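One structure is given below, encoded as structure tokens.
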Amino acid sequence: MASNSEVQLPRVVPVKNKAPNPIWTTAEQLFREARDRHVLEVIRRPKQGINDEDELGEYRLRTRKGFEDKIGRARDDLGEWKKYARWEESQNDFVRARSVWERALQVDYRDHSLWVGFAEFEMRNKFIDRARNVWDRAVEHLPRVDQLWYKYIHMEHMLGNVAAARQIYERWMKWAPDESICLSYITFEHKYKETN
């Protein structure tokens with residue numbers, strides 16, 4: 001029997017077969033087999049039922065805090081800003097959604113997808129004058145991004161506001177865009193038969 005000060009180590013068992021295994025199994029194969037045998041269950045978050053205004057308020061507060069924490073850790077992650085703004089829109093809190101879009105533009109106003117998302121948010125929710133304001137700011141900040149001009153013109157065209165679409169084209173022409181854009185303008189003028 002060993003004394004209290006001595007530590008007993010487990011007995012070493014000698015390895016009998018030191019030859020390599022003829023069949024190699026990868027981690028991917030192990031996971032695939034476990035999935036096929038339903039050993040790995042997909043853990044899903046339980047659906048949360050909201051029964052009253054207090055629970056809804058708690059849910060919104062918790063979700064907003066989650067988004068703010070993610071943005072605080074990775075301020076330059078524009079995808080997270082877009083998710084946050086869309087979530088606020090889904091909650092019909094348009095003032096907060098607008099605030100999130102504006103804050104995202106402060107992070108990187110040169111990303112044209114932010115401008116497009118912001119303007120489309122305003123258009124989806126029928127805030128046409130605000131959408132015009134966003135498009136106008138977008139083409140002012142990024143005049144060389146053709147997509148912004150096209151979408152701005154398209155919005156006015158869909159609203160039947162031909163005069164505004166023409167003004168936008170004329171502003172665009174001051175930036176000497178390439179030939180395809182000039183042809184687009186000519187086609188627009190021929191469509192409405194208002195050429196000189």
Side-chain angles (χ1 to χ4, degrees), residues 42-175 177-178 180-181 184 188:
V42 177
I43 300 171
R44 291 195 178 110
R45 227 174 144 182
K47 288 190 177 183
Q48 181 178 2
I50 297 174
N51 298 321
D52 61 10
E53 286 294 320
D54 290 339
E55 287 182 8
L56 180 60
E58 289 173 12
Y59 162 71
R60 287 178 174 164
L61 183 66
R62 194 171 49 250
T63 306
R64 282 186 185 114
K65 179 158 180 16
F67 277 119
E68 290 292 341
D69 288 347
K70 288 178 186 175
I71 288 169
R73 285 191 301 271
R75 184 170 166 80
D76 296 334
D77 185 0
L78 298 179
E80 203 60 44
W81 285 100
K82 292 174 189 177
K83 286 180 200 171
Y84 188 11
R86 288 186 191 119
W87 181 81
E88 289 291 0
E89 180 184 2
S90 74
Q91 299 299 305
N92 291 327
D93 196 339
F94 303 126
V95 174
R96 284 184 192 265
R98 201 169 285 122
S99 172
V100 172
W101 283 114
E102 290 289 354
R103 287 170 54 204
L105 286 172
Q106 287 174 357
V107 171
D108 187 6
Y109 73 91
R110 293 165 304 199
D111 187 322
H112 71 279
S113 68
L114 282 178
W115 290 103
V116 171
F118 189 7
E120 288 178 347
F121 149 73
E122 298 287 13
M123 290 170 18
R124 251 190 325 272
N125 294 292
K126 313 236 184 317
F127 298 115
I128 302 304
D129 287 336
R130 289 181 182 273
R132 279 188 184 111
N133 183 1
V134 172
W135 286 126
D136 202 47
R137 287 169 51 205
V139 298
E140 192 175 305
H141 285 292
L142 302 170
R144 296 289 180 194
V145 179
D146 296 342
Q147 181 186 19
L148 298 174
W149 290 100
Y150 275 126
K151 286 189 174 279
Y152 190 9
I153 290 167
H154 180 71
M155 180 191 79
E156 293 296 355
H157 188 255
M158 294 304 290
L159 293 170
N161 195 348
V162 177
R166 181 175 291 110
Q167 284 180 336
I168 297 164
Y169 263 122
E170 288 168 1
R171 280 177 57 196
W172 195 5
M173 291 302 123
K174 291 177 185 173
W175 286 95
D178 63 23
S180 65
I181 295 163
S184 173
F188 170 82

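All values derive from a computational prediction rather than experimental measurement.
- Across Gly49 and Glu55, no two heavy atoms sit closer than the pair O-OE1, 3.3 Å.
- If you take CD on Glu156 and CD on Gln167, they are separated by 9.0 Å, rounding to the nearest 0.5 Å.
- Remark: Asp77 engages Ala74, Glu80 in a side-chain contact (heavy atoms from CB on, under 4.5 Å) (not counting sequence neighbours).
- Of all heavy-atom pairs between Tyr109 and Trp115, the closest is O-NE1, 2.6 Å.
- Within the model, atoms NZ of Lys82 and CZ of Phe118 stand 14.0 Å from one another, a figure rounded to the nearest 0.5 Å.
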### Task
Show your working on side chain to side chain contact (heavy atoms under 4.5 Å, CB included) between Arg96 and Gln91 and close with a plain yes or no.
CA-CA 10 Å; Arg96 284 184 192 265; Gln91 299 299 305; over 6 Å; no
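- Between the side chain of Trp81 and the backbone N or O of Trp101 there is no donor-acceptor pair closer than 3.5 Å.
- Considering NE2 of His141 and NE2 of His112, their distance stands at 15.5 Å, rounded to 0.5 Å.
- Proximity of the aromatic rings of Trp172 and Tyr150 is defined here by a centroid distance below 6.0 angstrom, and this criterion is met.
- Counting non-hydrogen atoms of neighbouring residues, nucleotides and ligands closer than 6.0 angstrom, the CD atom of Glu170 exceeds 12 such neighbours.
- For the atom pair Lys151 NZ and Ile153 CD1, the distance stands at 12.5 Å (nearest 0.5 Å).
- Here Tyr59 pairs with nothing under the ring-ring contact (aromatic ring centres under 6.0 Å, His included) rule; sequence neighbours left out.
- In this structure His154 satisfies the ring-ring contact (aromatic ring centres under 6.0 Å, His included) test with no other residue, sequence neighbours excluded.
- For the pair Glu122 and Arg98, the salt-bridge criterion is met [side-chain N within less than 4.0 Å of a carboxylate O].
- Atom CH2 of residue Trp87 and atom OH of residue Tyr84 lie 7.0 Å apart, to the nearest 0.5 angstrom.
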### Query
Stepwise, does the side chain to side chain contact (heavy atoms under 4.5 Å, CB included) test hold for Leu61 with Glu58?
CA-CA 5 Å; Leu61 183 66; Glu58 289 173 12; 5.7 Å; no
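- Aromatic ring orientation, Phe188 versus His157: perpendicular (interplanar angle above 60°, classes split at 30° and 60°).
- Heavy-atom minimum distance, Ala97 versus Ala85: CB-O, 3.7 Å.
- Although no hydrogens or angles enter the test, the distance criterion places a donor-acceptor pair under 3.5 Å between the side chain of Asp111 and the main chain of Ser113.
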### Task
Report the C-alpha separation of Leu159 and Arg132 in whole Å, then their side-chain angles, then the decisive distance to 0.1 Å, and conclude whether the side chain to side chain contact (heavy atoms under 4.5 Å, CB included) test is met.
CA-CA 11 Å; Leu159 293 170; Arg132 279 188 184 111; 3.7 Å; yes
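- Separating the CZ atom in Arg166 from the CD1 atom in Ile168 is a distance of 11.5 Å, to the nearest 0.5 Å.
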### Message
One pair to check against side chain to side chain contact (heavy atoms under 4.5 Å, CB included): Ile181 and Met173. What are the steps and the verdict?
### Response
CA-CA 9 Å; Ile181 295 163; Met173 291 302 123; 3.7 Å; yes
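- With sequence neighbours excluded, the residues forming a side-chain contact (heavy atoms from CB on, under 4.5 Å) with Arg73 are Asp69, Lys70, listed by chain and number.
- Remark: the backbone N or O of Phe121 is not paired with any side-chain donor or acceptor of Arg86 at under 3.5 angstrom.
- Residues satisfying the salt bridge (Lys or Arg N to Asp or Glu O under 4.0 Å) criterion with Arg171, sequence neighbours excluded, are Asp136.
- Of all non-hydrogen atoms in Val100 and Glu88, the two that sit nearest each other are CG2-CG, 4.3 Å.
- When the salt bridge (Lys or Arg N to Asp or Glu O under 4.0 Å) test is applied to Arg110, the partners found at least two apart in sequence or on another chain are Asp108.
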